[in-house]
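A quick write-up on the structure given underneath.
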Amino acid sequence: MYSGTKDFVARTLPFIQGGLKAAEPVLVVTGAEKIDLLRNALGRDAKAVDFADMAHVGSNPARIIPFWQDFLDEHRAGRRPMRGIGEPIWAGRSAAELVECQRHESLLNVAISSETPMWLLCPYDTTGLDPAVIGEAILSHPFLTDGFVPGPPNRDYRGDEASAAPFDVPLPEPGSDCHEFPFGPGGLTTVREIVSGFAYGAGLSPSRAADLVQSAHEVAVNSVRHGGGRGVLRVWRDSDRLICEIADGGRIDEPLAGRERPRAGAAARRGLWLANKLCDLVQIRCLQSGSVVRLHMRI
Amino acid sequence: MSSIKGTSGGDGPMAGWIEGEPMYEDKQLVIRHTEPPNGLSFSGVVDLFNADAVARSLSAELAQHGDLHIDLSKVEFCDVSGIRALVSAAEGANGSGRLVLHGLPPLLQRVMTVVGWGELPGLELCDCGTDVI
(Lines give C-alpha, C1' and ligand atoms only; values in the text may rest on other atoms or scores of the structure.)
Protein backbone atom coordinates (compact mmCIF):
# COMPACT_ATOMS: atom_id res chain seq x y z
CA MET A 1 0.00 0.00 0.00
CA TYR A 2 1.25 3.47 -0.79
CA SER A 3 -0.22 6.94 -0.98
CA GLY A 4 0.61 9.01 -4.02
CA THR A 5 3.35 8.83 -6.62
CA LYS A 6 6.20 10.11 -4.42
CA ASP A 7 5.43 7.50 -1.81
CA PHE A 8 5.33 4.85 -4.55
CA VAL A 9 8.94 5.63 -5.46
CA ALA A 10 10.05 5.82 -1.82
CA ARG A 11 8.56 2.40 -1.05
CA THR A 12 9.49 0.50 -4.20
CA LEU A 13 13.02 1.85 -4.71
CA PRO A 14 14.62 -0.09 -1.81
CA PHE A 15 12.85 -3.26 -3.03
CA ILE A 16 14.33 -2.82 -6.51
CA GLN A 17 17.77 -1.86 -5.21
CA GLY A 18 17.76 -4.87 -2.88
CA GLY A 19 17.12 -7.10 -5.88
CA LEU A 20 19.91 -5.51 -7.90
CA LYS A 21 22.35 -5.81 -5.00
CA ALA A 22 21.66 -9.55 -4.88
CA ALA A 23 22.06 -9.74 -8.69
CA GLU A 24 18.43 -10.83 -9.02
CA PRO A 25 16.51 -10.18 -12.23
CA VAL A 26 13.97 -7.39 -11.64
CA LEU A 27 10.92 -6.56 -13.79
CA VAL A 28 8.70 -3.55 -13.08
CA VAL A 29 5.31 -3.28 -14.82
CA THR A 30 3.47 -0.08 -13.96
CA GLY A 31 2.36 3.24 -15.48
CA ALA A 32 4.68 5.25 -17.74
CA GLU A 33 4.94 8.18 -15.32
CA LYS A 34 6.04 5.97 -12.43
CA ILE A 35 8.53 4.18 -14.68
CA ASP A 36 10.12 7.56 -15.51
CA LEU A 37 10.33 8.49 -11.83
CA LEU A 38 11.89 5.14 -10.94
CA ARG A 39 14.41 5.39 -13.77
CA ASN A 40 15.47 8.82 -12.55
CA ALA A 41 15.72 7.67 -8.95
CA LEU A 42 17.75 4.60 -9.93
CA GLY A 43 20.17 6.55 -12.11
CA ARG A 44 22.69 4.27 -13.78
CA ASP A 45 21.19 1.20 -12.08
CA ALA A 46 18.02 1.65 -14.16
CA LYS A 47 19.74 -0.19 -17.01
CA ALA A 48 19.80 -3.38 -14.97
CA VAL A 49 16.01 -3.32 -14.46
CA ASP A 50 13.41 -4.40 -17.01
CA PHE A 51 10.49 -1.99 -17.28
CA ALA A 52 7.18 -2.42 -19.10
CA ASP A 53 4.21 -0.08 -19.37
CA MET A 54 1.19 -1.68 -17.72
CA ALA A 55 -1.15 0.32 -19.99
CA HIS A 56 0.36 -1.64 -22.86
CA VAL A 57 0.97 -5.06 -21.25
CA GLY A 58 -2.19 -5.21 -19.19
CA SER A 59 -4.86 -3.18 -20.94
CA ASN A 60 -6.52 -6.60 -21.08
CA PRO A 61 -5.52 -7.89 -17.61
CA ALA A 62 -5.60 -11.52 -18.80
CA ARG A 63 -2.39 -10.84 -20.74
CA ILE A 64 -0.38 -10.06 -17.59
CA ILE A 65 0.11 -13.61 -16.26
CA PRO A 66 1.65 -14.80 -19.56
CA PHE A 67 3.95 -11.76 -19.40
CA TRP A 68 5.20 -12.83 -15.95
CA GLN A 69 5.51 -16.43 -17.17
CA ASP A 70 7.77 -15.25 -20.00
CA PHE A 71 9.93 -13.38 -17.46
CA LEU A 72 10.14 -16.49 -15.27
CA ASP A 73 10.97 -18.72 -18.24
CA GLU A 74 13.67 -16.33 -19.40
CA HIS A 75 15.43 -16.24 -16.04
CA ARG A 76 14.69 -19.65 -14.53
CA ALA A 77 17.94 -21.08 -15.87
CA GLY A 78 19.88 -18.46 -13.87
CA ARG A 79 18.76 -20.22 -10.66
CA ARG A 80 18.49 -16.89 -8.84
CA PRO A 81 15.37 -15.64 -7.12
CA MET A 82 13.54 -12.95 -9.09
CA ARG A 83 11.72 -9.78 -8.14
CA GLY A 84 8.78 -8.14 -9.77
CA ILE A 85 6.50 -5.17 -9.30
CA GLY A 86 3.10 -5.32 -11.02
CA GLU A 87 0.45 -2.64 -10.72
CA PRO A 88 -2.55 -3.52 -12.88
CA ILE A 89 -5.10 -1.33 -11.07
CA TRP A 90 -5.19 2.42 -11.51
CA ALA A 91 -7.93 4.95 -10.86
CA GLY A 92 -9.08 5.28 -14.50
CA ARG A 93 -9.94 1.61 -15.05
CA SER A 94 -13.51 0.91 -16.24
CA ALA A 95 -15.77 -1.13 -13.97
CA ALA A 96 -15.45 -4.22 -16.21
CA GLU A 97 -11.67 -3.87 -16.42
CA LEU A 98 -11.42 -3.44 -12.64
CA VAL A 99 -13.31 -6.69 -11.99
CA GLU A 100 -11.01 -8.54 -14.39
CA CYS A 101 -7.94 -6.96 -12.75
CA GLN A 102 -9.15 -8.23 -9.39
CA ARG A 103 -9.68 -11.70 -10.83
CA HIS A 104 -6.17 -11.46 -12.30
CA GLU A 105 -4.71 -10.59 -8.90
CA SER A 106 -6.38 -13.67 -7.41
CA LEU A 107 -5.17 -15.91 -10.24
CA LEU A 108 -1.59 -14.74 -9.76
CA ASN A 109 -1.63 -16.88 -6.61
CA VAL A 110 -2.42 -19.88 -8.84
CA ALA A 111 -0.04 -19.08 -11.70
CA ILE A 112 2.88 -18.00 -9.52
CA SER A 113 2.63 -20.29 -6.52
CA SER A 114 4.38 -19.74 -3.22
CA GLU A 115 7.12 -22.17 -4.36
CA THR A 116 7.99 -19.98 -7.35
CA PRO A 117 11.32 -18.25 -6.63
CA MET A 118 9.89 -14.83 -7.27
CA TRP A 119 8.92 -12.04 -4.92
CA LEU A 120 6.14 -10.13 -6.61
CA LEU A 121 5.05 -6.80 -5.18
CA CYS A 122 1.59 -5.47 -6.10
CA PRO A 123 1.42 -1.78 -5.20
CA TYR A 124 -1.98 -0.25 -4.38
CA ASP A 125 -2.47 3.51 -4.18
CA THR A 126 -4.62 4.21 -1.12
CA THR A 127 -5.11 7.85 -2.11
CA GLY A 128 -6.31 7.18 -5.67
CA LEU A 129 -8.36 4.00 -5.31
CA ASP A 130 -11.77 3.28 -3.85
CA PRO A 131 -11.64 1.71 -0.34
CA ALA A 132 -13.55 -1.31 -1.71
CA VAL A 133 -10.66 -1.92 -4.15
CA ILE A 134 -8.20 -1.87 -1.27
CA GLY A 135 -10.51 -4.21 0.66
CA GLU A 136 -10.51 -6.75 -2.19
CA ALA A 137 -6.70 -6.45 -2.51
CA ILE A 138 -6.37 -7.48 1.13
CA LEU A 139 -8.39 -10.64 0.40
CA SER A 140 -6.35 -11.57 -2.68
CA HIS A 141 -2.79 -11.23 -1.37
CA PRO A 142 -1.08 -13.77 0.92
CA PHE A 143 1.30 -11.13 2.35
CA LEU A 144 0.96 -7.43 3.00
CA THR A 145 4.02 -5.23 3.26
CA ASP A 146 5.18 -1.66 3.49
CA GLY A 147 7.41 -2.38 0.53
CA PHE A 148 10.76 -3.11 2.14
CA VAL A 149 10.52 -6.56 3.67
CA PRO A 150 7.94 -9.33 3.44
CA GLY A 151 5.26 -8.89 6.07
CA PRO A 152 3.81 -11.73 8.15
CA PRO A 153 1.25 -13.99 6.43
CA ASN A 154 -1.94 -12.02 5.83
CA ARG A 155 -4.74 -13.54 7.92
CA ASP A 156 -7.41 -12.05 5.68
CA TYR A 157 -6.07 -13.73 2.50
CA ARG A 158 -8.79 -15.97 1.06
CA GLY A 159 -6.30 -18.78 0.34
CA ASP A 160 -4.89 -20.48 -2.75
CA GLU A 161 -7.84 -22.82 -3.18
CA ALA A 162 -10.44 -20.06 -3.09
CA SER A 163 -8.29 -18.00 -5.46
CA ALA A 164 -8.48 -20.82 -8.02
CA ALA A 165 -12.22 -21.49 -7.54
CA PRO A 166 -14.48 -21.03 -10.60
CA PHE A 167 -15.30 -17.37 -11.15
CA ASP A 168 -19.05 -17.32 -10.51
CA VAL A 169 -19.75 -13.63 -9.90
CA PRO A 170 -22.55 -12.80 -12.37
CA LEU A 171 -22.00 -10.09 -14.98
CA PRO A 172 -24.23 -7.00 -15.21
CA GLU A 173 -27.16 -7.53 -17.58
CA PRO A 174 -27.08 -5.53 -20.83
CA GLY A 175 -29.61 -2.77 -21.50
CA SER A 176 -32.69 -3.17 -23.67
CA ASP A 177 -30.88 -2.81 -27.00
CA CYS A 178 -29.39 -6.30 -26.86
CA HIS A 179 -29.71 -8.75 -29.74
CA GLU A 180 -29.95 -12.45 -29.03
CA PHE A 181 -29.20 -15.35 -31.40
CA PRO A 182 -29.27 -19.00 -30.35
CA PHE A 183 -26.95 -21.21 -32.41
CA GLY A 184 -26.31 -24.94 -32.83
CA PRO A 185 -23.52 -27.02 -34.39
CA GLY A 186 -24.43 -25.82 -37.90
CA GLY A 187 -24.65 -22.16 -36.90
CA LEU A 188 -21.02 -21.06 -36.85
CA THR A 189 -21.27 -19.29 -40.20
CA THR A 190 -24.27 -17.36 -38.93
CA VAL A 191 -22.41 -16.42 -35.74
CA ARG A 192 -19.59 -14.97 -37.87
CA GLU A 193 -21.99 -13.10 -40.14
CA ILE A 194 -23.90 -11.56 -37.22
CA VAL A 195 -20.78 -10.48 -35.34
CA SER A 196 -19.27 -9.12 -38.54
CA GLY A 197 -22.41 -7.09 -39.22
CA PHE A 198 -22.39 -5.53 -35.75
CA ALA A 199 -18.64 -4.91 -35.87
CA TYR A 200 -18.86 -2.99 -39.12
CA GLY A 201 -22.02 -1.25 -37.94
CA ALA A 202 -20.17 -0.04 -34.84
CA GLY A 203 -17.38 1.33 -37.02
CA LEU A 204 -14.59 -1.07 -36.05
CA SER A 205 -11.69 -1.11 -38.52
CA PRO A 206 -11.63 -4.13 -40.86
CA SER A 207 -8.77 -5.75 -38.95
CA ARG A 208 -10.37 -5.25 -35.52
CA ALA A 209 -13.70 -6.45 -36.89
CA ALA A 210 -11.92 -9.57 -38.18
CA ASP A 211 -10.30 -10.05 -34.74
CA LEU A 212 -13.70 -9.93 -33.06
CA VAL A 213 -15.27 -12.29 -35.61
CA GLN A 214 -12.41 -14.78 -35.19
CA SER A 215 -12.66 -14.61 -31.38
CA ALA A 216 -16.46 -15.00 -31.31
CA HIS A 217 -16.18 -17.93 -33.70
CA GLU A 218 -13.58 -19.70 -31.53
CA VAL A 219 -15.66 -19.22 -28.40
CA ALA A 220 -18.74 -20.52 -30.26
CA VAL A 221 -16.67 -23.54 -31.37
CA ASN A 222 -16.01 -24.21 -27.68
CA SER A 223 -19.79 -24.17 -27.11
CA VAL A 224 -20.28 -26.68 -29.92
CA ARG A 225 -17.44 -28.94 -28.77
CA HIS A 226 -17.51 -28.62 -24.98
CA GLY A 227 -20.62 -26.65 -24.06
CA GLY A 228 -23.39 -29.05 -24.93
CA GLY A 229 -23.35 -28.52 -28.70
CA ARG A 230 -25.13 -25.18 -28.67
CA GLY A 231 -25.08 -21.73 -27.21
CA VAL A 232 -26.60 -18.26 -27.26
CA LEU A 233 -24.89 -15.26 -28.83
CA ARG A 234 -25.83 -11.81 -27.53
CA VAL A 235 -24.49 -8.57 -28.98
CA TRP A 236 -24.90 -5.02 -27.70
CA ARG A 237 -23.20 -1.68 -27.35
CA ASP A 238 -22.22 -0.29 -23.97
CA SER A 239 -21.11 3.36 -24.25
CA ASP A 240 -17.79 3.08 -26.13
CA ARG A 241 -17.73 -0.71 -26.39
CA LEU A 242 -19.16 -3.38 -28.62
CA ILE A 243 -19.78 -6.51 -26.57
CA CYS A 244 -20.34 -10.06 -27.85
CA GLU A 245 -21.38 -12.65 -25.32
CA ILE A 246 -21.50 -16.39 -25.84
CA ALA A 247 -23.24 -18.47 -23.20
CA ASP A 248 -23.58 -22.24 -23.15
CA GLY A 249 -24.25 -25.17 -20.83
CA GLY A 250 -20.59 -26.09 -20.37
CA ARG A 251 -18.15 -25.41 -17.58
CA ILE A 252 -14.91 -23.49 -17.99
CA ASP A 253 -13.38 -24.64 -14.75
CA GLU A 254 -9.64 -24.47 -15.46
CA PRO A 255 -8.80 -21.30 -13.52
CA LEU A 256 -6.06 -20.24 -15.95
CA ALA A 257 -8.09 -20.90 -19.13
CA GLY A 258 -7.02 -18.36 -21.74
CA ARG A 259 -3.96 -17.29 -19.73
CA GLU A 260 -1.52 -20.11 -20.45
CA ARG A 261 0.59 -19.87 -23.58
CA PRO A 262 -0.19 -22.87 -25.79
CA ARG A 263 2.80 -25.15 -26.32
CA ALA A 264 3.47 -26.19 -29.91
CA GLY A 265 2.72 -29.87 -29.41
CA ALA A 266 -0.16 -29.59 -26.96
CA ALA A 267 -3.75 -29.99 -28.05
CA ALA A 268 -5.00 -27.67 -25.29
CA ARG A 269 -7.85 -25.27 -25.93
CA ARG A 270 -6.54 -22.28 -27.79
CA GLY A 271 -9.75 -20.34 -28.41
CA LEU A 272 -9.77 -18.33 -25.17
CA TRP A 273 -6.05 -17.64 -25.43
CA LEU A 274 -6.64 -16.26 -28.91
CA ALA A 275 -9.61 -14.16 -27.77
CA ASN A 276 -7.49 -12.63 -24.99
CA LYS A 277 -4.86 -11.66 -27.55
CA LEU A 278 -7.29 -10.24 -30.11
CA CYS A 279 -9.93 -8.52 -27.96
CA ASP A 280 -9.64 -5.51 -25.66
CA LEU A 281 -11.20 -7.37 -22.74
CA VAL A 282 -12.48 -10.90 -22.18
CA GLN A 283 -14.72 -11.83 -19.25
CA ILE A 284 -15.12 -15.51 -18.42
CA ARG A 285 -17.65 -16.75 -15.88
CA CYS A 286 -18.53 -20.22 -14.69
CA LEU A 287 -22.08 -19.93 -13.39
CA GLN A 288 -24.60 -22.47 -12.19
CA SER A 289 -26.40 -22.12 -15.53
CA GLY A 290 -23.24 -22.71 -17.57
CA SER A 291 -20.33 -20.73 -18.87
CA VAL A 292 -20.39 -17.18 -20.18
CA VAL A 293 -17.70 -15.44 -22.23
CA ARG A 294 -17.92 -11.74 -23.03
CA LEU A 295 -15.69 -10.17 -25.66
CA HIS A 296 -15.24 -6.40 -25.53
CA MET A 297 -13.99 -4.16 -28.32
CA ARG A 298 -13.52 -0.41 -27.92
CA ILE A 299 -15.36 1.43 -30.65
CA MET B 1 -3.34 -32.76 -65.13
CA SER B 2 -6.06 -33.53 -67.63
CA SER B 3 -8.52 -30.76 -66.93
CA ILE B 4 -7.17 -27.27 -66.41
CA LYS B 5 -9.58 -24.94 -64.67
CA GLY B 6 -7.51 -21.79 -64.75
CA THR B 7 -4.72 -20.25 -62.78
CA SER B 8 -4.81 -20.02 -59.05
CA GLY B 9 -3.59 -16.59 -58.11
CA GLY B 10 -4.70 -14.30 -60.93
CA ASP B 11 -2.17 -11.47 -61.00
CA GLY B 12 -1.22 -12.07 -57.36
CA PRO B 13 1.76 -13.89 -55.90
CA MET B 14 0.33 -17.24 -56.97
CA ALA B 15 0.06 -16.20 -60.63
CA GLY B 16 1.09 -19.06 -62.85
CA TRP B 17 -0.14 -21.82 -60.56
CA ILE B 18 -2.30 -24.08 -62.71
CA GLU B 19 -5.39 -25.45 -61.01
CA GLY B 20 -6.85 -28.85 -61.81
CA GLU B 21 -9.77 -30.96 -60.65
CA PRO B 22 -11.10 -30.61 -57.12
CA MET B 23 -9.66 -33.27 -54.80
CA TYR B 24 -12.00 -32.25 -51.98
CA GLU B 25 -15.27 -30.38 -51.96
CA ASP B 26 -17.94 -29.57 -49.39
CA LYS B 27 -20.50 -26.81 -48.95
CA GLN B 28 -17.93 -24.27 -47.79
CA LEU B 29 -14.58 -25.35 -49.21
CA VAL B 30 -13.06 -26.51 -52.49
CA ILE B 31 -9.51 -27.89 -52.62
CA ARG B 32 -7.99 -28.25 -56.10
CA HIS B 33 -4.79 -29.88 -57.26
CA THR B 34 -2.23 -27.46 -58.65
CA GLU B 35 0.66 -28.21 -60.97
CA PRO B 36 3.00 -26.52 -61.14
CA PRO B 37 3.82 -26.31 -58.35
CA ASN B 38 2.98 -29.69 -56.84
CA GLY B 39 0.29 -28.66 -54.44
CA LEU B 40 -3.24 -27.70 -53.57
CA SER B 41 -5.24 -24.53 -53.68
CA PHE B 42 -7.88 -23.84 -51.04
CA SER B 43 -10.87 -21.61 -51.56
CA GLY B 44 -13.58 -21.01 -48.97
CA VAL B 45 -13.79 -21.72 -45.28
CA VAL B 46 -11.81 -24.18 -43.16
CA ASP B 47 -13.25 -24.63 -39.68
CA LEU B 48 -14.49 -27.14 -37.13
CA PHE B 49 -17.02 -28.43 -39.68
CA ASN B 50 -14.46 -29.74 -42.19
CA ALA B 51 -11.11 -29.69 -40.36
CA ASP B 52 -10.86 -33.46 -39.89
CA ALA B 53 -11.70 -34.14 -43.54
CA VAL B 54 -9.13 -31.57 -44.66
CA ALA B 55 -6.47 -33.12 -42.40
CA ARG B 56 -7.14 -36.57 -43.89
CA SER B 57 -6.93 -35.27 -47.46
CA LEU B 58 -3.69 -33.45 -46.75
CA SER B 59 -2.13 -36.47 -45.09
CA ALA B 60 -2.97 -38.68 -48.05
CA GLU B 61 -1.46 -36.15 -50.47
CA LEU B 62 1.69 -35.75 -48.37
CA ALA B 63 2.16 -39.51 -48.17
CA GLN B 64 1.83 -39.80 -51.95
CA HIS B 65 3.69 -36.74 -53.21
CA GLY B 66 6.12 -35.45 -50.57
CA ASP B 67 6.44 -31.66 -50.30
CA LEU B 68 3.17 -29.85 -50.99
CA HIS B 69 2.66 -26.19 -51.81
CA ILE B 70 -0.60 -24.85 -50.45
CA ASP B 71 -2.22 -21.70 -51.84
CA LEU B 72 -4.31 -20.16 -49.05
CA SER B 73 -4.87 -16.78 -50.70
CA LYS B 74 -8.54 -17.59 -51.38
CA VAL B 75 -9.33 -18.75 -47.85
CA GLU B 76 -12.12 -16.52 -46.57
CA PHE B 77 -11.93 -17.79 -43.01
CA CYS B 78 -9.86 -20.37 -41.14
CA ASP B 79 -10.27 -21.13 -37.46
CA VAL B 80 -7.99 -22.80 -34.93
CA SER B 81 -9.41 -26.23 -35.86
CA GLY B 82 -8.51 -25.52 -39.49
CA ILE B 83 -4.98 -24.49 -38.58
CA ARG B 84 -4.71 -27.60 -36.45
CA ALA B 85 -5.61 -29.65 -39.56
CA LEU B 86 -2.63 -28.15 -41.43
CA VAL B 87 -0.35 -28.63 -38.43
CA SER B 88 -1.37 -32.23 -37.76
CA ALA B 89 -0.94 -33.18 -41.42
CA ALA B 90 2.54 -31.63 -41.41
CA GLU B 91 3.44 -33.40 -38.17
CA GLY B 92 2.00 -36.68 -39.42
CA ALA B 93 4.28 -36.59 -42.48
CA ASN B 94 7.14 -37.14 -40.04
CA GLY B 95 9.80 -35.50 -42.15
CA SER B 96 8.87 -37.28 -45.38
CA GLY B 97 7.24 -34.14 -46.77
CA ARG B 98 6.69 -30.53 -45.84
CA LEU B 99 3.72 -28.22 -46.24
CA VAL B 100 4.73 -24.89 -47.74
CA LEU B 101 1.97 -22.37 -47.13
CA HIS B 102 1.57 -19.54 -49.63
CA GLY B 103 -0.63 -16.46 -49.66
CA LEU B 104 -1.65 -16.54 -46.01
CA PRO B 105 -4.18 -13.81 -45.32
CA PRO B 106 -2.71 -11.47 -42.65
CA LEU B 107 -5.21 -12.42 -39.94
CA LEU B 108 -4.55 -16.12 -40.49
CA GLN B 109 -0.82 -15.55 -40.20
CA ARG B 110 -1.36 -13.58 -36.98
CA VAL B 111 -3.63 -16.27 -35.54
CA MET B 112 -1.07 -18.98 -36.32
CA THR B 113 1.63 -17.02 -34.50
CA VAL B 114 -0.60 -16.21 -31.52
CA VAL B 115 -1.65 -19.82 -30.95
CA GLY B 116 1.95 -21.00 -31.10
CA TRP B 117 1.87 -22.72 -34.47
CA GLY B 118 3.95 -20.14 -36.35
CA GLU B 119 7.12 -22.21 -36.32
CA LEU B 120 6.95 -25.96 -36.66
CA PRO B 121 9.11 -28.55 -38.36
CA GLY B 122 7.37 -29.73 -41.50
CA LEU B 123 5.50 -26.45 -41.92
CA GLU B 124 6.94 -23.58 -43.85
CA LEU B 125 5.35 -20.17 -44.20
CA CYS B 126 6.17 -18.50 -47.48
CA ASP B 127 5.88 -14.73 -47.12
CA CYS B 128 5.10 -14.37 -50.80
CA GLY B 129 1.48 -13.48 -50.19
CA THR B 130 1.30 -11.49 -46.99
CA ASP B 131 -0.12 -8.52 -48.83
CA VAL B 132 -2.98 -10.51 -50.29
CA ILE B 133 -6.23 -9.92 -48.46
Side-chain angles (χ1 to χ4, degrees), chain A residues 60 62-63 66 69-70 73 183-193 195-196 199 204-227 229-231 258 260-279 282, chain B residues 26-30 43-55 72-73 75-95 98-99 101 104-125 130-133:
Chain A
N60 172 356
R63 296 180 200 154
Q69 289 294 2
D70 288 348
D73 290 346
F183 63 90
L188 295 171
T189 309
T190 314
V191 166
R192 293 199 300 274
E193 284 167 0
V195 173
S196 178
L204 291 184
S205 70
S207 87
R208 281 170 58 78
D211 286 353
L212 182 61
V213 169
Q214 185 93 34
S215 303
H217 170 92
E218 301 295 350
V219 176
V221 163
N222 284 346
S223 300
V224 169
R225 296 184 66 186
H226 312 287
R230 56 189 59 253
E260 288 179 304
R261 183 182 299 284
R263 305 283 165 196
R269 285 155 64 155
R270 288 168 153 84
L272 290 172
W273 169 265
L274 186 68
N276 267 324
K277 286 283 180 178
L278 301 184
C279 296
V282 177
Chain B
D26 64 39
K27 64 177 183 179
Q28 59 184 39
L29 177 72
V30 181
S43 47
V45 171
V46 194
D47 69 3
L48 180 69
F49 172 77
N50 55 14
D52 287 347
V54 169
L72 295 171
S73 63
V75 168
E76 293 153 31
F77 181 79
C78 178
D79 72 356
V80 170
S81 325
I83 299 170
R84 185 174 313 185
L86 299 174
V87 169
S88 65
E91 282 175 346
N94 231 347
R98 292 170 312 149
L99 283 184
L101 308 183
L104 261 80
L107 177 65
L108 179 51
Q109 191 153 9
R110 194 146 93 84
V111 169
M112 286 187 77
T113 309
V114 166
V115 297
W117 282 327
E119 282 173 37
L120 283 176
L123 198 63
E124 196 174 303
L125 269 59
T130 48
D131 54 345
V132 176
I133 296 176

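Below, chains carry the letters A, B, ... as their sequence lines are ordered, and counting in each starts from 1.
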Answer yes or no: is there an ion pair linking B:D79 with B:R84, defined by an N-O contact shorter than 4.0 Å?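 B:R84 and B:D79: not salt-bridged.
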Can A:R261 and A:D70 be counted as an ion pair, charged N to O under 4.0 angstrom?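 Salt bridge flag = yes for A:D70 with A:R261.
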Which atoms form the tightest heavy-atom contact between A:Q214 and B:V80, and what is the distance?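 Taking A:Q214 first and B:V80 second, the nearest heavy atoms are NE2-N, 4.5 Å.
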Whether the side chain of B:W117 engages the backbone of B:L86 through a donor-acceptor N/O pair (distance < 3.5 Å, no angle test) should be reported.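 Side chain of B:W117 to backbone of B:L86, a donor-acceptor pair under 3.5 Å: no, none is there.
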Using a cut-off of under 4.5 Å for heavy-atom pairs, which of A:V224, A:D211, A:V213 has the most such pairs with chain B? A:D211
Measuring heavy-atom distances to chain B, does A:L274 have an atom under 4.5 Å in its side chain, in its backbone, in both, or in neither?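 The answer is both parts of A:L274.
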Portion of A:E218 that has a non-hydrogen atom of chain B nearer than 4.5 angstrom: side chain
